[in-house]
Amino acid sequence: GLTHEGHTRDVEQVYLRCAQGFLEWLYPTGAIIVNLRPNTLSPAASLLSVCIKPSKESSGTHIYLDRLGKLRLLLREEDQAEGRVHCFSIQDGALFIEAVPQRDISRKITAFQYELVNHRPGADPQSLSGMRFS
């Protein structure tokens with residue numbers, strides 16, 4: 001439901017507090033920071049993982065993990081079409097989604113499903129990659 005007349009240098013912050021959902025960004029320009037957080041605060045929240053599954057038609061952006069201003073590449077634009085699930089600890093930070101400069105953005109849509117899932121202490125969040133999404 002977020003609507004904004006963007007400019008190529010804008011960075012929008014988005015806070016999503018649902019345990020699962022779908023994000024779709026039409027004609028991406030600039031960047032958005034997507035903060036995925038549980039709806040309630042509890043000590044167990046630090047044990048959550050975030051899993052995202054890009055749509056096979058997703059294009060026009062690179063997706064990074066942003067932890068305290070340091071970016072780590074999670075998915076390049078080309079990788080999103082594979083539609084593979086990627087999981088990371090909620091403590092790894094927010095998603096920083098940056099539009100790739102394009103001459104024609106009219107056919108670009110970045111889209112992915114997300115879900116917050118519990119994982120066992122000491123377990124690697126990447127071990128969840130094959131789960132959840134159909």
Side-chain angles (χ1 to χ4, degrees):
L2 174 69
T3 303
H4 175 73
E5 291 298 321
H7 302 285
T8 58
R9 299 189 198 281
D10 281 352
V11 177
E12 291 289 328
Q13 285 252 16
V14 178
Y15 294 87
L16 302 177
R17 297 204 178 268
C18 298
Q20 62 183 7
F22 186 79
L23 182 131
E24 185 175 73
W25 186 13
L26 305 176
Y27 322 123
T29 61
I32 58 174
I33 298 172
V34 179
N35 296 280
L36 298 163
R37 298 289 178 257
N39 201 18
T40 59
L41 292 178
S42 76
S46 65
L47 301 177
L48 290 174
S49 289
V50 176
C51 293
I52 65 169
K53 180 181 181 187
S55 164
K56 292 185 186 237
E57 292 80 32
S58 188
S59 65
T61 62
H62 296 308
I63 300 175
Y64 300 86
L65 282 176
D66 177 3
R67 182 171 187 166
L68 304 173
K70 293 185 180 181
L71 299 179
R72 181 172 58 106
L73 185 62
L74 184 64
L75 284 165
R76 295 177 310 149
E77 178 182 26
E78 305 81 41
D79 300 334
Q80 294 176 44
E82 294 172 11
R84 284 195 337 228
V85 176
H86 294 271
C87 298
F88 53 92
S89 170
I90 199 164
Q91 295 178 336
D92 286 343
L95 292 174
F96 183 89
I97 307 173
E98 180 181 40
V100 176
Q102 307 280 334
R103 287 187 180 258
D104 178 14
I105 63 170
S106 66
R107 293 183 194 92
K108 303 297 180 183
I109 298 173
T110 294
F112 60 85
Q113 291 176 272
Y114 69 88
E115 185 170 359
L116 303 180
V117 295
N118 289 314
H119 71 274
R120 296 182 315 276
D124 179 10
Q126 279 298 327
S127 67
L128 301 169
S129 298
M131 300 173 61
R132 302 284 178 188
F133 301 100
S134 53

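Computation of the quantities below employed the complete heavy-atom set of this structure, encompassing side-chain atoms and omitting hydrogens, waters and symmetry-equivalent molecules.
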Pro28 and Ser59 have their tightest heavy-atom pair at CG-O, 4.3 Å

Looking only at heavy atoms, the pair that brings Phe96 and Ala31 closest together is CZ-CB, 3.7 Å

So if I apply the side-chain contact (heavy atoms from CB on, under 4.5 Å) rule between Leu95 and each of Ile33, Ile52, Leu16, which one comes out positive? Ile52

Value rounded to 0.5 Å, distance of NZ in Lys53 from SG in Cys87: 12.0 Å

Quick one, Arg84 with His86, criterion side chain to side chain contact (heavy atoms under 4.5 Å, CB included). Give me CA distance, side-chain angles, the key distance, then yes/no. CA-CA 6 Å; Arg84 284 195 337 228; His86 294 271; 3.4 Å; yes

Rounded to the nearest 0.5 angstrom, the OH-CZ distance for Tyr15 and Arg37 is 8.5 Å

Distance check, rounded to the nearest 0.5 Å: Ser55 atom OG versus Gln113 atom CD? 8.5 Å

Worked verdict on Ile97 versus Phe112 for side chain to side chain contact (heavy atoms under 4.5 Å, CB included): CA-CA 11 Å; Ile97 307 173; Phe112 60 85; 3.6 Å; yes

Measure across Leu36 and Leu116 and return the closest heavy-atom pair with its distance rounded to 0.1 Å. CB-CD2, 4.2 Å

Listed by chain and number, what are the salt bridge (charged side-chain N to carboxylate O under 4.0 Å, His left out) partners of Arg76, not counting sequence neighbours? Glu78, Asp79

Residue pair Val14, Asn35: steps toward the side chain to side chain contact (heavy atoms under 4.5 Å, CB included) verdict: CA-CA 6 Å; Val14 178; Asn35 296 280; over 6 Å; no

Which pair of heavy atoms, one from Phe22 and one from Ala111, lies closest together, and at what distance? CZ-CB, 3.6 Å

Would you kindly confirm whether Leu73 and Leu71 end up in one hydrophobic cluster when ILVMFWY residues are joined by side chain heavy atoms under 4.5 Å apart? yes

Please report the closest heavy-atom contact between His62 and Glu77, naming both atoms and the distance. ND1-N, 3.0 Å

Checking side chain to side chain contact (heavy atoms under 4.5 Å, CB included) for the pair Gln80/Thr110: CA distance, chi angles, key distance, verdict? CA-CA 9 Å; Gln80 294 176 44; Thr110 294; 4.0 Å; yes

